[in-house]
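Quick note on labels: first sequence line is chain A, next is B, and so on, each numbered from 1.
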Amino acid sequence: MNCPLTADVIDFARGAPLDRGREDAVAAHLPTCASCAALAERERTLSAALRRLATETRTEPTRINEIRLGRLLAHFDAPRPRVRRAAVGIGVSLAASLLIAAGLYFGRKNDLPPARVFQVAATPSAPPTNAATAEFVVLPGATALPHFERGEVIRMEIPFPEGPVQADVLVGQDGIARAVRFVQ
Amino acid sequence: MDDPHPSDDVLIAGIASGDREAFAELYRRHRSHVCRFAVHMCGSATLAEDIVHEAFLAVIDSAWRYRPGQTTARLWLLGIARNHVRRARASRHMLDLHGEEANAATELTIHVDPIGDIERQRHLDALRRAVVALPVRYREAVVLCDLQELSYADAAAALRCAIGTVRSRLHRGRALLARRLCDRPAAKPCPLPVTRTIP
């Protein structure tokens, strides 16, 4: 069944509301397409059978239903654990609030800008003997390292073609260099 | 409950605030809809009664969740019943319309013509069995749209899916029904005309 109007034919045959244009298209199509005409006939027969089934299964309230209602009303009158449900709700809300607060706190802690790290590093407990002449420069990849807590500044000589250059290297608590500044 | 004919929304609000008469009225109004849906979905009158009971117990406990603007009471109740049908289906095997269950199901029906046509009744039983044998997604669409006579939009709201999904599931379900009814090993010919394809 490859006819493009198949779905509309089924709706048309089962009496489902179609917009005027589609309804007219189906009505005009059916006499010209034996396949769709047979499908429409089958769907009409099926719809009639389903309607009969729906009608015959229709139930009316009876004495038995009233007895069933009585049982439900007994449940309705029984004390329900509303307080417990409310307590559970409050508990869940509190837990969710705590989780959100913790997430925000740790999330913000991890998002601290690297500059702050090096403000701490710029005031080391044991400063080098010669005064620094430049700001610390963050080494590539240092921002991805674990959070800087404490460290030390190590003065070292870096060989250059023009001669050795002194530099201060800021080393974190994990022994990994975070930043460097040239002294001379 | 001062209004002699309160709306469903008022009744459900009353249930949420502990009005037992509101609950009784809602039960009387909608029990048959929920029961028919459950019978057609599970194929067992006994199981359907359990589902109706569970669904209305859920109404007592969750009336406060009902949002009047978002749905209607009937669709809300059918949605609750649908959840219970699925739960029942998951927890135990759905019974088929055989033996005692079939007899119990027919007790629910109203025989307008008791002398009636036996052949017609046989066709209805075959149809009932074919509906119950459909896969759940197609059965839901057929039961809601054809047996409960809901519009596509209402069925989509009850099933929480798109209108196009309901439509395609219904068409597929009806095709399966037609095929099953025509394939049944009965002495009588298929009651539905067979679709022919033009070469």
Short side-chain donor-acceptor distance under 3.5 Å, B:Arg137 and B:Thr165: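 No, no side-chain donor-acceptor pair sits under 3.5 Å.
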
Where does B:Phe56 contact chain A at under 4.5 Å (heavy atoms): side chain, backbone, both or neither?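 Looking at B:Phe56, backbone and side chain both touch chain A.
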
Structural part of B:Val131 lying under 4.5 Å from a heavy atom of chain A: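 For B:Val131, the side chain is the part near chain A, not the backbone.
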
Top residue by heavy-atom pair count (under 4.5 Å) with chain B, among A:Ala37, A:Gly15, A:Ala7?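 Sorted descending by pairs with chain B, the first entry is A:Ala7.
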
Taking NZ, NE, NH1 and NH2 as the nitrogens, is one of them in B:Glu149 or A:Arg51 under 4.0 Å from a carboxylate oxygen of the other?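 Answer for the salt bridge query: no.
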
When you measure from the side chain of B:Tyr66 to the backbone N and O of B:Ala73, does any donor-acceptor pair fall under 3.5 Å?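 Yes; at least one donor-acceptor contact below 3.5 Å.
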
Quick one: ring pair (Phe, Tyr, Trp, His ring centres under 6.0 Å) partners of B:Phe23, sequence neighbours excluded?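 For B:Phe23, the residues satisfying ring pair (Phe, Tyr, Trp, His ring centres under 6.0 Å) (neighbours in sequence not counted) are A:Phe76.
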
